Amino acid sequence: MTPETSVRVRFAPSPTGFLHIGGLRTALYNYLFARRHHGVFVLRIEDTDRNRFVEGAAEKLLETLHWAGLSWDEGPDIGGPYGPYVQSERLALYRQHAESLLREGKAYRCFCSPEELDRQRRKQAEEKRPPMYDRRCRTLSRETSDARAKAGEPFTIRFRVPLTGETVFHDAVRGEIRISHAVIDDQVLLKSDGYPTYHLANVVDDHAMRISDVIRGEEWLPSTVKHTLLYEAFGWPPPRFAHLPLLLNPDRSKLSKRQGDVAVEEYRAQGFLPEALINFVALLGWSSPDEREILSMDELAALFSLDRVGKAGAIFDIEKLRWFNGRYFRALPLEERVRLCIPHLERAGYDTRDPIRTARIVDALSNHLVLPADIVEEAAIFFRAPALPASATEVPPFSQGQEKAVLRAFLTGVRTVVPWERGQIKKLLERIQGELGVRGKELYLPIRIALTGKSHGPELPVVAELLGPEECSRRLEPFTVG
RNA sequence: GGCGCGUUCGUCUAGCGGCCAGGACGUGGCCCUCUCAAGGCCAAAACACGGGUUCGAUUCCCGUACGCGCUACCA
């Protein structure tokens, strides 16, 4: 038994809507850390804010995490030895701990109303003083406090933060952090509605669930002092901390809506592959020890370590994500690529009833796709004849002026190709080349344009093969009359 | 305002006192090729600034600037 077996980490999202891309990264690092150390990955739902709670969000969160390829050892859906894993089901535990601090004089009741506090803050702002609770209830006598509570006056329970001194803690990413107590507010632990705040619930649960390493976003770095102080007040050993650099918008502000998509669900809906998203997001703030960048979940789990996590925030660059997606898409077996493309083809009204033809089309176009939906535009040439030029006899001009002869030769040749497949079509093209002395662009481009209306596309024999001899003839004919 | 954290090519990053500062995306070029894409090769592109410490700083220390985060009965 090595100490490693005791590694327990958690991802603790709030069910306030969608899964944030930054949340996915945090979840991923926790998951990878657990796997790397043969530890346990816990999923916990932190739904202590009744105002921001969104019905069904928790379920969606779990589903999206699963889609991304993450799984957990303990959580709200599968249970575990330290459940329940939903904070709203653990209210009694938080109250009990808040009250024990109250009894020991490490916390106190605050009877100030939200309006009052707001007024205080505004005044402080005007006077250019740091906005902090003035601690007027901190000195209330126990008798007064008890009496007012008994009388039914609403109150919160605040943490009695030391007025002097400082707290020093170690962060696995940033090293030693020290913060003076003088700048720490007397944090509310239990709200007047009986729900805990993040700080209380988080500390109580991390201890109750035996969490060994807290790996979370950098926005939590400043509050870690409060947490450290709470662990101390409870007489518990604190976990190790690691604060991950933030994910940023292109303008370097914290990644948010307004400036692009931040919802994992949105990327999923757009057709991004989970493997690509995971690979991309893994590299935002962490780097592989060798120079490989294309890494599977298993490879990431084998390689991951906190000491290769960077300190600076990382801009979410959609272009690189797109590149990853293209790579992963192309690496998929054909059947899988077809499966992903078919819904888009059908939505566009294209006939996919011939599975062989559909598969060949997808295969021919795969190098052009970043997202499966891109197939719609690319595949148009196979399902719709190009619009004819103003005059059907008009073919774009070429240097030798032989294009009509080329088209006629090809049209005539179409009937002689047996079987109709790319190799034979290639032979026909070569024959025409020999007969007319026309080659390269002058040979291919007129045919390509007559057939597809475009100057770019997959190899011409492949295009012709997929079109079939009849359709080729039909598309060619208007250009060969006169 | 206070406190904290951060700063290497446009972007993601490697670097842990001595390197022509490396890789990837993107960009440009070349190759392949009927074209496009894919793929291969090549190129341009960075240590925020100022002081120290040191024989020697991208690297260690201090300061400045800039950026970000936190400062809620939100997480």
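Here is how names work: the chains are called A, B, and so on, in the same order as the sequence lines, proteins then strands, and each is numbered from 1. All of these numbers come straight from a predicted model, not from anything done at the bench. Note that these values count all heavy atoms, side chains included, but never hydrogens, waters or copies made by symmetry.
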For A:Arg109 and A:Ser145, which I'm curious about, is there any donor-acceptor pair between the side chains at under 3.5 Å? yes
Between A:Lys128 and A:Pro222, just flag the one whose closest nucleotide in RNA chain B comes earlier from the 5' side. A:Lys128
I want to check a possible cation-pi pair here: A:Arg25 against A:Tyr29, using under 6.0 Å from ring centre and within 45° of the ring axis as the test. yes
Between the base of B:G23 and the side chain of A:Glu293, is there a donor and acceptor pair under 3.5 angstrom? yes
What integer number of Å spans the C1' atoms of B:A14 and B:A46? 13 Å
How far, in whole Å, is B:G26 from B:G40 if one measures between their P atoms? 12 Å
Tell me if the side-chain of A:Arg252 makes a donor-acceptor pair with the base of B:C68, cut-off 3.5 Å, by modelled atom types. no
Ring centroids only, cut at 6.0 angstrom: are A:Phe316 and A:Tyr267 within range, meaning strictly under it? yes
Please report the distance separating the C1' of B:U71 from the corresponding atom of B:U13, rounded so that it comes out in whole Å. 32 Å
When all nucleic acid strands are considered with a 4.0 Å heavy-atom cut-off, which category describes A:Ser113: base, sugar-phosphate, or nothing? base
Sticking with atom C1', work out how far B:G18 lies from B:U58, rounded to a whole angstrom. 12 Å
With rounding to the closest Å, how many angstrom separate the C1' atoms on B:A45 and B:C25? 13 Å
Looking at B:C34 and A:Tyr444: do their rings stack (centroid distance under 5.5 Å, interplanar angle under 30°)? yes
With nearest nucleotides of RNA chain B determined for A:Ser192 and A:Glu459 from heavy-atom distances, which residue corresponds to the more 5′ nucleotide? A:Glu459
Consider only side-chain N and O atoms of A:Tyr94 and A:Asp205, and report whether a donor and an acceptor are under 3.5 Å apart. yes
Write down the distance separating the P atoms in B:G23 and B:C9, rounded off to the nearest Å. 16 Å
